[in-house]
Amino acid sequence: MKFFVDTAEIDAIKELNDLGMVDGVTTNPSLIAKSGRDILEVTKEICDMVAGPVSAEVVALDAETMLAEGRKLAKIADNIAVKVPLTWAGLQTCKALSDEGTMVNVTLCFSANQALLAAKAGATFISPFIGRLDDINTDGLELIEDIRTIYDNYGFDTQILAASIRSANHMSECAKIGADVATAPPGVIKAMANHVLTDKGLAGFMADVEKAGIKIL
Ligand code: G3P
């Protein structure tokens, strides 16, 4: 499973990228707003740092303006994936951009039918939002499973990009189901390293190091 990092914070991306943990980056208008940076400037900086796809989202609601915005975003770098919402206008924009050879990430997906439409419209990535479904008492991981089944049934090559990931458990569950990509905030990716037995075991080793006066350097 590829790891995308869901942030526009340059320092956080750099730290994970230096460790080989970043296969791509996703942003959205809320993350850009949180960074306090200009969208074109910060997106270019991310594209220069990361080799994989960098999602940058359009902000218009009609297809004509979305397409113009998408074309402008695509010019930032070769690794841009233009992000469009899963609306009819978004699907029209997806088809037009993918026909032009631009990667497209269709976002705000909450149903298997929406994912099916995005694949038909030539999406490179579909972004089902797990956490926001969990928030309304619906199993977000079940949606990832359903999309995996449908895409495999028909050989769609649209990649399932699990989004709105809130926990390390979401990451391992997505990997078990076979999501192609999971995009998560830096804190969630770092939390994957944590285990209470690792902490307990290390504390025991350190107590013995102290007792026996073990030194290596
Ligand atoms: O990847 C989509 C993400 O940014 C939304 O996450 O936690 O706001 O639902 P969240």
Side-chain angles (χ1 to χ4, degrees), residues 1-13 15-17 21-37 39 42-43 45-47 50 52-59 61 66 69-70 73 79-87 90-91 93-94 103-112 114-115 118-119 123-148 158-175 177-192:
M1 185 170 73
K2 283 177 268 188
F3 283 14
F4 286 5
V5 59
D6 197 29
T7 187
E9 302 298 332
I10 295 291
D11 291 348
I13 297 168
E15 184 190 0
L16 290 168
N17 195 41
M21 299 292 176
V22 178
D23 300 302
V25 172
T26 51
T27 64
N28 61 36
S30 304
L31 295 171
I32 296 290
K34 196 170 157 202
S35 77
R37 305 267 316 268
I39 181 170
V42 73
T43 305
E45 209 174 314
I46 297 169
C47 287
V50 171
V54 175
S55 291
E57 189 161 341
V58 299
V59 293
L61 294 176
M66 265 190 211
E69 288 178 351
L73 291 170
N79 55 338
I80 282 285
V82 174
K83 209 171 177 188
V84 298
L86 213 155
T87 57
L91 291 171
T93 307
C94 172
M103 288 188 284
V104 183
N105 177 357
V106 181
T107 189
L108 291 169
C109 170
F110 294 96
S111 78
Q114 289 181 316
T124 315
F125 302 104
I126 181 70
S127 291
F129 275 35
I130 301 176
R132 292 193 193 183
L133 280 170
D134 290 350
D135 288 345
I136 58 158
N137 217 12
T138 304
D139 189 350
L141 288 165
E142 205 172 289
L143 175 59
I144 304 293
E145 264 171 358
D146 289 348
I147 301 172
R148 180 75 285 153
T158 298
Q159 296 179 49
I160 302 173
L161 195 172
S164 184
I165 283 187
R166 306 272 177 77
S167 67
N169 188 51
H170 274 156
M171 292 295 277
S172 49
E173 289 303 316
C174 283
I177 292 165
D180 300 285
V181 190
T183 190
V188 169
I189 295 175
K190 290 176 103 171
M192 292 169 73

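The figures here come from the full heavy-atom set of this structure, side chains too, leaving out hydrogens, waters and symmetry mates. All ligand and atom numbering here is 1-based and tracks the order in the structure. All values derive from a computational prediction rather than experimental measurement.
Take E142 and apply the side-chain hydrogen bond (donor to acceptor under 3.5 Å, both in side chains) test, not counting sequence neighbours, and it matches no residue. In this structure T43 satisfies the side-chain hydrogen bond (donor to acceptor under 3.5 Å, both in side chains) test with no other residue, sequence neighbours excluded.
Atoms of ligand 1 lying under 4.0 Å from any heavy atom of A163, numbered from 1 in the order shown and given with element: 1 (O), 2 (C). Near T183, meaning under 4.0 Å from one of its heavy atoms, ligand 1 places the atoms 1 (O). Atom numbering of ligand 1 starts at 1 in the shown order; those under 4.0 Å from a heavy atom of F129 are 2 (C), 5 (C).
At a 3.5 angstrom cut-off on N or O pairs, T26 does not count as close to ligand 1.
Atom 3 (C) of ligand 1 has its closest protein heavy atom at D6 OD2, 3.0 Å. Here the protein heavy atom with the shortest distance to atom 7 (O) of ligand 1 is R166 NE, 2.8 Å. Closest to atom 8 (O) of ligand 1, if we only count protein heavy atoms, is R132 NH2, 2.8 Å.
Remark: the backbone N or O of S55 is paired with a side-chain donor or acceptor of T27 at under 3.5 angstrom. No donor-acceptor distance shorter than 3.5 angstrom exists from the side chain of D6 to the backbone of T183, with no hydrogens or angles considered.
Each of N169, V181, D180, I165 was scored for a side chain to side chain contact (heavy atoms under 4.5 Å, CB included) with C174, with one residue passing: I165.
Between atom OG1 of residue T107 and atom CD1 of residue I126 there is a gap of 8.0 Å, rounded to the nearest 0.5 Å. With rounding to the nearest 0.5 angstrom, the CD1 atom of I32 is 4.5 Å from the CD1 atom of I39.
Here the shortest heavy-atom distance to atom 10 (P) of ligand 1, taken over A162, S164, A182, belongs to S164.
By the criterion of a heavy-atom distance under 4.0 Å, the side chain of N28, and not its backbone, is placed next to ligand 1.
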